[in-house]
Amino acid sequence: MSTRNKLQKFAELLELPHVFENFSYENPELVGQYGKVVDLKSRWKNEHFGNLNPMILELACGRGEYTVALAEQYPDSNFIGVDIKGARIWQGARQVSDKNLRNAAFLRTKIELLDRFFASEEVDEIWITFPDPFLKDSKSTRRLTSPFFLEIYRKVLKPGGIVHLKTDSPILFDFTMEVISSDERCRLIYSSEDIYARALDFEELHIQTYYEAKNISGSGVSKYIRFAING
Ligand SMILES: C[S@@+](CC[C@H](N)C(=O)[O-])C[C@H]1O[C@@H](n2cnc3c(N)ncnc32)[C@H](O)[C@@H]1O
């Protein structure tokens, strides 16, 4: 366990070539290594990753377990973990350095601002890993699979782009299934209310995040929904 405090972690993030941060919601500017201002919208593949491989986001990535593990597992795709909390991103960003992964990056910003940093159709898939479920109905618009957020994803996902939700919250699972069934542009591809009840249908589901391991909901049961949001 590191003894670095938050300020040390924030300073280290600025030294990493695969971490980009937006410090002001009023200014759509991205700051990269050593504080250099960069514009990567529509240029992530060419200018940052140096390839034309598919690009997959992990939203609410926290420490970025999916970003790191998927990047190792799929070297021919690019992965970007997105979260607002720098001290959490730092954990995954350090691993990307240690493992010398060229196909993984982190973006520190609010998910609400995604289309400032990604162009239309620039993103192939989105993973949402154990997001806050916002249990009260009055806060349901803040859930990351609410219609409000799906509209944001539509702005950056390619047509037919896929969204993966992994959660242990029955409320978020049911809510998401309802959102999908009441939106004619959504198409459910797969769902499971207990992915570990039998052999995994998708190998990626074995990746455990920090919050999954913490079992905050107390259900101890991980659920998964895969759906397309445009077609
Ligand atoms: C419950 S944690 C899950 C973290 C990680 N995926 C895991 O499973 O361990 C939710 C994460 O979402 C991030 N988050 C919540 N709302 C956000 C938003 N609007 N924009 C960016 N990050 C957000 C928080 O900072 C936090 O790290």
Side-chain angles (χ1 to χ4, degrees), residues 1-2 6 9-10 13 19-31 56-71 79-96 104-118 123 125-136 138-157 163-173 175-176 195-196 202 204-226:
M1 177 63 88
S2 167
K6 273 191 185 178
K9 288 177 179 173
F10 295 161
L13 285 181
V19 177
F20 302 92
E21 306 181 70
N22 169 244
F23 294 114
S24 159
Y25 304 144
E26 283 76 46
N27 182 353
E29 197 168 77
L30 267 197
V31 172
I56 293 132
L57 306 185
E58 180 191 5
L59 303 183
C61 71
R63 301 169 180 218
E65 286 87 353
Y66 263 77
T67 299
V68 174
L70 290 176
F79 297 88
I80 304 177
V82 182
D83 202 289
I84 192 59
K85 294 201 173 148
R88 290 189 182 171
I89 277 181
W90 176 87
Q91 310 262 355
R94 283 295 303 265
Q95 287 191 42
V96 167
F106 284 91
L107 170 59
R108 181 180 174 197
T109 189
K110 277 185 94 85
I111 293 159
E112 288 85 338
L113 306 181
L114 271 191
D115 66 320
R116 287 187 183 179
F117 306 112
F118 296 97
V123 175
E125 290 181 31
I126 287 177
W127 278 86
I128 307 172
T129 52
F130 293 83
D132 302 298
F134 293 106
L135 297 175
K136 288 187 183 160
S138 58
K139 299 230 166 125
S140 65
T141 52
R142 297 175 65 183
R143 295 176 186 151
L144 291 184
T145 51
S146 68
F148 170 77
F149 279 98
L150 295 195
E151 284 310 316
I152 292 171
Y153 309 155
R154 283 191 173 102
K155 291 181 184 170
V156 301
L157 265 178
V163 177
H164 309 256
L165 170 70
K166 201 176 172 198
T167 180
D168 56 4
S169 164
I171 290 177
L172 184 61
F173 180 90
F175 171 82
T176 305
I195 57 174
Y196 302 123
F202 302 103
E204 308 91 279
L205 295 179
H206 78 275
I207 301 164
Q208 281 248 327
T209 74
Y210 177 73
Y211 271 81
E212 180 171 16
K214 268 175 83 169
N215 185 23
I216 283 183
S217 77
S219 78
V221 178
S222 290
K223 305 163 192 311
Y224 172 66
I225 304 176
R226 176 183 290 202

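Atoms within a ligand are numbered from 1 in the order they appear, just like the ligands themselves.
- Judged purely by distance below 3.5 Å, without hydrogens or angles, the side chains of Glu58 and Thr129 pair a donor atom with an acceptor atom.
- Counting heavy atoms from C-beta outward, Gln91 and Glu65 have side chains that stay 4.5 Å or more apart.
- Residue contacts with ligand 1 leave out Val82, since none of its heavy atoms falls under 4.0 Å from the ligand.
- Only backbone heavy atoms of Thr109 (N, CA, C or O) come within less than 4.0 Å of ligand 1; its side chain stays farther off.
- At the top of the distance list for atom 12 (O) of ligand 1, counting protein heavy atoms only, stands Ala60 CB, 3.2 Å.
- The shortest side-chain heavy-atom distance between Pro131 and Leu172 falls under the 4.5 Å cut-off.
- Of the protein's non-hydrogen atoms, the one nearest atom 10 (C) of ligand 1 is Asp132 OD2, 3.7 Å.
- For ligand 1, none of its N or O atoms has an N or O atom of Glu58 under 3.5 Å away.
- The distance from ligand 1 to the heavy atoms of Lys110 drops below 4.0 Å at these ligand atoms: 20 (N), 21 (C).
- Ligand 1 has no nitrogen or oxygen under 3.5 angstrom from a nitrogen or oxygen of Phe149.
- No N or O atom of Phe130 sits closer than 3.5 Å to an N or O atom of ligand 1.
- Among protein heavy atoms, atom 22 (N) of ligand 1 sits closest to Ile84 N, 3.3 Å.
- Remark: side-chain polar atoms of Arg63 are not paired, donor with acceptor, to backbone N or O of Arg88 under 3.5 angstrom.
- If you take OG1 on Thr67 and CG on Leu57, they are separated by 8.5 Å, rounding to the nearest 0.5 Å.
- Taking NZ from Lys85 and NZ from Lys9, the interatomic distance works out to 12.5 Å, rounded to the nearest 0.5 Å.
- An N or O contact shorter than 3.5 Å is missing between Glu212 and ligand 1 by distance.
- Any N or O atom pair closer than 3.5 Å counts here, and Glu112 shares at least one such pair with ligand 1.
- If you check which protein heavy atom lies closest to atom 7 (C) of ligand 1, you get Thr209 OG1, 3.3 Å.
- Residue Glu65 has no nitrogen or oxygen atom sitting less than 3.5 Å from a nitrogen or oxygen atom of ligand 1, judged on distance alone.
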Derivation and outcome, side-chain contact (heavy atoms from CB on, under 4.5 Å), residues Lys155 and Leu114: CA-CA 8 Å; Lys155 291 181 184 170; Leu114 271 191; over 6 Å; no

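- Of all atoms in ligand 1, listed by their number and element, those nearer than 4.0 Å to a heavy atom of Tyr210 are 9 (O).
- In terms of protein heavy-atom proximity, atom 9 (O) of ligand 1 is closest to Tyr211 N, 2.9 Å.
- For atom 20 (N) of ligand 1, the closest non-hydrogen atom on the protein side is Ile111 N, 2.9 Å.
- Listed by chain and number, the residues in a ring-ring contact (aromatic ring centres under 6.0 Å, His included) with Tyr66 are Trp127 (sequence neighbours excluded).
- In terms of polar-atom proximity, Arg88 is counted as a contact of ligand 1, with an N or O under 3.5 Å from an N or O of the ligand.
- Atom 16 (N) of ligand 1 is not flagged as protein-proximal [any protein heavy atom, distance under 4.0 Å].
- With hydrogens left out, the protein atom closest to atom 11 (C) of ligand 1 is Asp83 OD2, 3.5 Å, a heavy atom.
- Residue Thr129 has at least one heavy-atom neighbour below 4.0 Å for each of these atoms of ligand 1: 3 (C), 5 (C), 6 (N), 8 (O).
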Criterion side-chain contact (heavy atoms from CB on, under 4.5 Å) on Lys166 and Ile128, from CA distance to verdict: CA-CA 6 Å; Lys166 201 176 172 198; Ile128 307 172; over 6 Å; no

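- Residue Lys85 has at least one heavy-atom neighbour below 4.0 Å for each of these atoms of ligand 1: 25 (O).
- With a heavy-atom cut-off of 4.0 Å, Arg63 does not touch ligand 1 at all.
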